[in-house]
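For reference, the structure is listed below as structure tokens.
What you see below is based on every heavy atom in this structure, not just the backbone, and it leaves out hydrogens, waters and symmetry mates.
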Amino acid sequence: MTELQSFGLRLVDPSAGVASRRGGAGPSDHKAVTVDGHTIMVPVHTSSAWHSPFTAEAPDARGVSRVMRGSIPIASISFPKQPRFYAMQTFDGVPYSHIATLHGSDVLATTVLQSCIRYESRKKSCKFCAIGQSLAAGRTIARKTPEQLAEVARAAVLLDGVKHMVMTTGTPNATDRGAAILCESAFAIKAAVDIPIQGQCEPPDDDQWFHRMKAAGIDTLGMHLEVVTPEVRERIMPGKASVPVSRYMSAFEAAVGVFGRGQVSTYILAGLGDTREAILDTCDQLLARGVYPFVVPFVPISGTPLEDHLAPSPEFMKSLLAPLGERVVAAGLRSADIKAGCGKCGACSSLSVYEKESES
């Protein structure tokens with residue numbers, strides 16, 4: 001799994017399973033693949049994937065495909081099916097797939113606001129981000145209303161058995177940083193359907209927002225560092241680096257006091273310049289605060305300034321994830337105990353597999 005996520009996968013039949021996603025906020029240019037009962041997101045549209053040593057044959061009548069390394073069969077895989085809710089549209093005529101998408105096998109994911117004060121400026125934008133691409137391509141809309149999100153979430157639960165939901169947002173301002181948008185969205189969704197929700201935003205300027213988000217129906221919170229070393233943060237994401245790591249740490253402590261240990265997480269992109277030691281040291285600080293450190297391999301997205309940046313090697317990822325899996329379990333913050341969100345889904349990283357190995 002670690003090698004697939006580092007190298008990517010060439011597909012004989014690109015139409016197999018759920019339609020792959022290009023551009024947009026968060027992880028992209030992936031396809032959901034199920035290996036040994038565990039669904040992971042594997043790069044398929046990146047330059048590394050086009051040169052990957054791994055090829056997936058066209059699925060058979062049962063939907064099973066073989067992964068080949070040259071002429072040698074490596075594993076059998078399957079692809080989650082296209083969800084039924086994708087065939088529907090909202091009362092105001094917007095395709096459901098433009099409001100939210102299926103991530104992994106049972107997670108509903110949406111970007112509530114498809115714009116960001118960072119992205120609008122070349123000097124401030126995160127160099128790995130493609131939040132504007134899917135909007136420019138007409139695959140989504142700029143702002144999802146609470147009513148639209150509630151409608152789609154209810155259908156995804158009823159028609160496709162979706163288990164939890166992830167709501168992220170572009171940063172709209174330098175004060176609440178998206179917390180207000182998440183609150184109104186979560187309130188509407190919870191009024192329509194009982195589904196655990198993770199909200200994701202930068203740390204707001206006022207810690208009271210954590211109480212407001214919890215009261216609105218958000219079950220878990222993600223505040224994503226992405227990069228941990230100050231000088232790398234300045235180079236890779238100059239705008240977001242204006243919120244220092246120290247503010248993230250104080251926000252994490254306040255948020256854990258509201259949501260509980262293990263229900264606050266952060267996303268760390270390995271392979272952008274942080275050393276193994278720097279990432280593991282930061283993870284130790286996070287675990288001590290009750291925060292789940294979701295470490296994932298960086299995936300270069302086409303059309304971004306980092307599209308030609310190499311993905312981290314499988315060896316680098318294994319050297320990170322193996323000890324981290326042990327430390328997560330020792331801290332009692334396992335992914336399986338998270339109520340909703342990226343860490344619970346686990347599709348963008350093989351960290352949860354290393355957790356299970358350390359338990360056995």
Side-chain angles (χ1 to χ4, degrees), residues 1-6 8-9 17-18 20-21 26-44 75 77-80 101-110 161-168 195-200 219-226 259 261-271 279 283 286-287 290-299 311-312 314 317-318 320-360:
M1 294 182 191
T2 303
E3 289 186 344
L4 280 175
Q5 290 192 314
S6 289
L9 183 65
V18 182
S20 54
R21 176 171 171 263
S28 188
D29 290 20
H30 293 69
K31 181 178 277 288
V33 175
T34 301
V35 186
D36 293 332
H38 187 82
T39 300
I40 59 175
M41 301 302 289
V42 177
V44 295
I77 63 172
S78 59
F79 301 93
T101 57
L102 183 70
H103 189 78
S105 60
D106 59 5
V107 184
L108 188 66
T110 185
V162 163
K163 297 293 194 303
H164 55 111
M165 184 172 184
V166 176
M167 291 195 308
T168 190
I195 183 174
I197 298 172
Q198 180 178 64
Q200 298 178 353
D219 299 282
T220 71
L221 181 66
M223 293 184 290
H224 296 166
L225 282 166
E226 270 107 14
F259 292 94
R261 283 178 54 82
Q263 304 307 322
V264 178
S265 62
T266 193
Y267 215 90
I268 296 174
L269 297 170
I279 293 175
C283 289
L286 294 165
L287 291 169
V291 176
Y292 183 84
F294 192 50
V295 176
V296 308
F298 166 68
V299 175
M317 292 309 303
K318 291 174 185 176
L320 265 175
L321 298 180
L324 181 56
E326 295 177 356
R327 297 179 194 191
V328 167
V329 172
L333 298 178
R334 298 172 303 176
S335 58
D337 297 329
I338 302 174
K339 296 175 183 177
C342 293
K344 181 178 183 63
C345 170
C348 290
S349 172
S350 53
L351 176 56
S352 63
V353 177
Y354 289 93
E355 289 178 34
K356 293 175 183 176
E357 287 183 356
S358 69
E359 290 178 315
S360 60

Counting distance only, does the side-chain N/O of Glu355 pair as donor-acceptor with the main-chain N or O of Leu333 below 3.5 Å? no

Heavy-atom closest pair, residues Gly104 and Ala347: CA-CB, 4.3 Å

With sequence neighbours left out, the residues meeting ring pair (Phe, Tyr, Trp, His ring centres under 6.0 Å) with His224 are Tyr267

Residue pair Leu320 / Ala270: nearest heavy atoms and the distance that separates them: CD1-CB, 3.7 Å

pair Ser265-Gln198: side-chain heavy atoms closer than 4.5 Å: yes

Could you tell me whether the side chain of Val295 reaches within less than 4.5 Å of the side chain of Cys283, counting heavy atoms only? yes

Candidates Val35, Ile40, Thr34, Asp36 - the one meeting side chain to side chain contact (heavy atoms under 4.5 Å, CB included) with His38: Ile40

Main-chain N/O of Ile338 paired to Lys344 side chain as donor or acceptor, under 3.5 Å: yes

Treating Gln263 as the side-chain partner and Asp337 as the backbone partner, does any N or O pair qualify as donor plus acceptor under 3.5 Å? yes

Test applied, side chain to side chain contact (heavy atoms under 4.5 Å, CB included); reference residue, Met165; option that passes from Asp219, Val107, Thr110: Thr110

Exam field: side chain Thr220 to backbone Lys339, donor-acceptor pair closer than 3.5 Å: no

Looking only at heavy atoms, the pair that brings Leu351 and Pro293 closest together is CD2-O, 3.5 Å

Taking atom CE of Met1 and atom OH of Tyr354, what is their separation to the nearest 0.5 Å? 10.0 Å

Run the numbers on Val33 and Phe79 for side-chain contact (heavy atoms from CB on, under 4.5 Å), then give the verdict. CA-CA 5 Å; Val33 175; Phe79 301 93; 3.8 Å; yes

To the nearest 0.5 angstrom, please state how far the NE2 atom of His103 sits from the NE2 atom of His164. 9.5 Å

Donor-acceptor under 3.5 Å (Ser6 side chain, Pro312 main chain): yes

Just so I know, are the side chains of Cys345 and Met41 near enough to count as touching, which here means a heavy-atom distance under 4.5 Å? no

Less than 4.5 Å apart, any side-chain heavy atom of Met317 and any of Ser350? no

Measuring from Phe294:CZ to Cys348:SG, what's the distance to the nearest 0.5 Å? 5.5 Å

Let me confirm one number: the CG-CZ distance from Leu286 to Arg327, rounded to the nearest 0.5 Å. 12.0 Å

Determine the minimum heavy-atom distance between Asp106 and Gly161, stating which atoms define it. CB-O, 4.4 Å

May I ask you to decide if Met223's main-chain N or O and Thr266's side chain share a donor-acceptor pair within less than 3.5 Å? yes

Considering non-hydrogen atoms only, spot the tightest contact between Pro314 and Glu3 and give its length. CB-CG, 3.7 Å

